[in-house]
Number of protein chains: 2
Amino acid sequence: MNLKQLAAHLNLSQTTVSRALNGYPEVNKDTRTRVLEAAQALNYAPNARAKGLATGRAMAIGHVIPSSKQHEMVNPVFGDFVAGASEEYVKAGYDMTLSLTDDRDEEENYRRLKAKGNVDGLIVHGPKMADARIPFLIGLGLPFVVHGRASDLAQPYSWVDVNNTRAFRRATEFLIDLGHQRIGLINGLEFMDFAHRRRMGYDAALAARGLAPDPRLMASDEMTEPYGFAAASRMLALDQPPSAFLVSSLISAIGVRRAIHAAGLEMPRDVSVITHDDDLSYLRNGPDVPVFTATRSSVREAGRIAAALLLRHIAEPGRPAEQHLLEAQLILGASTGPAPLSRI
Amino acid sequence: MNLKQLAAHLNLSQTTVSRALNGYPEVNKDTRTRVLEAAQALNYAPNARAKGLATGRAMAIGHVIPSSKQHEMVNPVFGDFVAGASEEYVKAGYDMTLSLTDDRDEEENYRRLKAKGNVDGLIVHGPKMADARIPFLIGLGLPFVVHGRASDLAQPYSWVDVNNTRAFRRATEFLIDLGHQRIGLINGLEFMDFAHRRRMGYDAALAARGLAPDPRLMASDEMTEPYGFAAASRMLALDQPPSAFLVSSLISAIGVRRAIHAAGLEMPRDVSVITHDDDLSYLRNGPDVPVFTATRSSVREAGRIAAALLLRHIAEPGRPAEQHLLEAQLILGASTGPAPLSRI
DNA sequence: CGACATGTTCAAAGCGGTTTGAGGCGATTC
DNA sequence: GAATCGCCTCAAACCGCTTTGAACATGTCG
């Protein structure tokens, strides 16, 4: 069923039917209802390609997810972010397209996305500290919003990010307040911007309290469970082991907990743990009392905000770039306590 | 840059340029290279909407993810599945579009997807035991492949699934062989087809070995960590607690492990655990020796297979429905051991 | 009663590609 | 030298929609 057939069926011109369906004023009220009913009954829906071609708008947003061959991990955060964004897209009648790109030919990829014309805007995931994609995209002229941000970039661009520095600074200070002096940092890959910022927060807190940073208490890698286990095990085996851990992901924190148990220790009696918690739907940090004390920020909410921001930019092309900084909550769970005297 | 401009730039007709780009034989070799080079240099890419309109093919596959408001969980398996599927799409030049649908107006949704014409085929996720979507989609005439399957459906349709029944039957038998008599099943929602089948496997193994099923040793819910913890804690508090658990997801298994520790027990000394393991990139079950003994089947691989199957069906419309049953491997990890005499 | 709004409908021209059927051109054949 | 044959290239139609500019009733006013 296409417009032509629908029009013929109604003994109307395509013009009139199109106008009736799209809410233009110059259509008789009765005609409009007649058209709408027929469209419903014959379940007609305009062909998106034809509509896009005619209007010049794709009514679709692209999500670009980096997934290199080396560490071909799909960010576990991704599902929830997309779910949040999708809520906004559905409201606005937009579709969502996904492209996983190898970071080798990424520029080429963006250029194609634009040339092919099947998206009106992009959400960029997983920004690195100095991310060449961003200046490139600014030059490309396709509206985009970054989930996260890149450091040291002169030009303004739109992003939605968590205040990672502050979150980790607060968490570190909280541990210091509890009497912990040796605090292990089990971070993500530090060329990723979020991990870099968390590291800065951790460093700043130590410095502010006059504690010397110890490289042996810092790890950085892809945030898996085995990584959390391995890094924490290594640190716990040191001469002066940490009495607390600050972890960048709930999944790694689970590995840290495993390491603590494997070392014959108890959490939080012997070792405290604070983790970042993206509030993922399938990885709830305890239903009522959180298992882990955590810096929490909903990634689903971030998805909603980023999508709304992008849609606004598409609707008002002149609009200047906008930033949205979310503050993580420091929520108290069952994984932190005073530093044990024996281990200070 | 569009075809017209490119053709003008080259002093050729649109036809010739189009043919040159699409590899038709009736183009002079020199002309073709000239065209290809110019396209590259001016980075021309055909507009996907126009191309789609002209050819009648969208060159895109839709993934439909159910996400009801009640249990608005995004399946954690999703990211990896999509990554696998994407590998195939990229090879074949297809795009991927995502739609999260509330299961209320799902049929309406599929109908629109077809009418709008922006996908050539669908991947259906998360089938329930009796899933009305499948007969509906067969009627709709849009090629589709189900990730998983639905029970009790007369008509043939294409699916890719793990042999859940056999996997859980084998796992249960393995536990029985180790001397376990009381085995707790911590399953997903049993109206989901995969969970139903796992339950059948568990039941069959008990029956075959003459063990009476005990409803108190069976739980079924959304597979989160806290659920694993709560269900296992409850079972461990019984008069006759289980000496082993069979768990439907690695995430829930982590909760089960926590419950075991919280009860002052050791895994596997006091309690054994086998879990299903989707081999997710961010949730590796140990780097070398697996932490958990598991029924393992790569969901990323399933994504690849499902995508390839769907593309084949699109390429050859007459092709009969095809099924692909993956066998899960039973991999031995550090979470299983003989049943302790004290607890039999 | 003609002029003029007003409200409603229409035919036709794009949007950017693909594809059909026809035409131009140099080489080969009679 | 004319006819024929390939090989390339072209103009034009078409895909399904939006949108412009014009046409057509109908009613209103001077």
Side-chain angles (χ1 to χ4, degrees), chain A residues 1-36 38-39 42-60 93-95 111-120, chain B residues 1-36 38-39 42-60 93-95 111-120:
Chain A
M1 173 60 56
N2 60 25
L3 187 62
K4 196 171 178 177
Q5 294 164 0
L6 182 61
H9 175 84
L10 285 161
N11 278 321
L12 286 173
S13 73
Q14 295 190 36
T15 312
T16 304
V17 176
S18 171
R19 297 210 138 133
L21 292 171
N22 290 310
Y24 283 73
E26 56 275 78
V27 178
N28 188 312
K29 204 168 181 184
D30 295 351
T31 310
R32 186 188 305 274
T33 48
R34 205 159 64 90
V35 170
L36 287 174
L42 299 167
N43 68 74
Y44 164 82
N47 180 299
R49 291 190 304 266
K51 189 164 183 161
L53 191 54
T55 58
R57 327 178 76 244
M59 293 307 281
Y94 275 74
D95 291 328
R111 218 183 266 114
R112 292 196 84 75
L113 270 176
K114 163 142 197 204
K116 285 172 63 180
N118 41 15
V119 298
D120 297 321
Chain B
M1 173 59 57
N2 60 24
L3 186 62
K4 196 170 177 177
Q5 293 164 0
L6 182 61
H9 175 85
L10 286 162
N11 278 321
L12 289 171
S13 74
Q14 295 190 36
T15 312
T16 305
V17 176
S18 172
R19 298 210 137 131
L21 292 172
N22 290 309
Y24 282 73
E26 57 273 80
V27 178
N28 187 310
K29 204 167 182 182
D30 296 350
T31 310
R32 187 188 304 275
T33 50
R34 204 159 67 89
V35 170
L36 287 173
L42 298 167
N43 65 75
Y44 164 81
N47 181 300
R49 294 190 301 267
K51 188 162 184 161
L53 190 56
T55 58
R57 328 178 77 244
M59 294 307 281
Y94 274 73
D95 292 326
R111 219 184 264 114
R112 294 196 84 75
L113 271 175
K114 163 143 197 201
K116 285 172 62 180
N118 40 15
V119 298
D120 297 323

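Within 4.0 Å of B/Thr55, counting heavy atoms only, lie sugar-phosphate atoms of the nucleic acid but no base atom.
In this entry the distance linking CG of A/Leu3 with P of D/dC15 reads 13 Å, nearest Å. Protein atom NZ of A/Lys116 is 22 Å distant from nucleotide atom P of C/dC15, rounded to whole Å. Rounded to whole Å, the distance from CE on A/Met1 to C1' on D/dG16 is 13 Å. Between the P atom of C/dT19 and the CZ atom of B/Arg57 lies a distance of 10 Å, rounded to the nearest Å. If you measure from atom CE of A/Met59 to atom C1' of D/dT18, you get 14 Å, rounded to the nearest angstrom. If you take CZ of A/Arg49 and P of D/dC14, they are 19 Å apart, rounded to a whole angstrom. Across the protein-nucleic acid pair, B/Leu53 atom CG and C/dG16 atom P stand 12 Å apart, rounded to whole Å. Computed from coordinates, the B/Leu21 CG to D/dT9 P distance equals 13 Å when rounded to whole Å.
Residue B/Asn28 places its side chain closer to D/dT9 than to any other of D/dG16, C/dC10, D/dT9. Of all nucleotides listed (D/dC17, C/dT18, D/dT19), D/dT19 comes nearest to the side chain of A/Tyr24. Listed nucleotides D/dT9, C/dG16, C/dC10 differ in distance to A/Ser13; the shortest reach to its side chain belongs to C/dC10. Comparing C/dT20, C/dT9, C/dG16 by their nearest atom to the side chain of B/Asn2 picks out C/dG16. The side chain of B/Asn47 has C/dG16 as its nearest neighbour among C/dG16, D/dT9, D/dG21. For A/Arg19, counting side-chain heavy atoms from C-beta on, the closest listed nucleotide (C/dT18, D/dG16, D/dT20) is D/dT20. Among C/dG16, D/dC17, D/dT9, the nucleotide with an atom closest to any side-chain atom of B/Thr31 is D/dT9.
Residue A/Thr16 is the one, among A/Ala50 and A/Thr16, whose nearest nucleotide of DNA chain C lies closer to the 5' end (criterion: closest heavy atom). For the pair B/Lys29 and A/Ser18, nearest-nucleotide mapping onto DNA chain D gives the more 5' position to B/Lys29. Annotation: of the two residues near DNA chain D, B/Pro25 and A/Tyr44, the 5′-most nearest-nucleotide partner is B/Pro25.
Between the CZ atom in B/Arg57 and the CG atom in B/Asp120 there is a gap of 5.5 Å [rounded to 0.5 Å]. Separation of atoms CD (A/Glu26) and CZ (A/Arg32) is listed at 8.5 Å; rounding is to 0.5 Å. Here CZ of B/Arg49 is found 11.5 Å from CE of A/Met59. Values are rounded to the nearest 0.5 Å.
When only modelled atom types and interatomic distance are considered, B/Asn118 and A/Asp95 share a side-chain donor-acceptor pair under 3.5 Å. B/Thr15 and B/Ser18 form no side-chain donor-acceptor contact under 3.5 Å, judged by distance and modelled atom types alone.
Put simply, B/Lys51 has a side-chain N or O that comes within less than 4.0 Å of OP1 or OP2 on C/dT18.
Across all their heavy atoms, A/Asn28 and A/Asp30 have their closest contact at OD1-N, 2.8 Å.
You'll find a donor-acceptor pair under 3.5 Å spanning the side chain of A/Thr15 and the base of D/dT19, going by distance alone.
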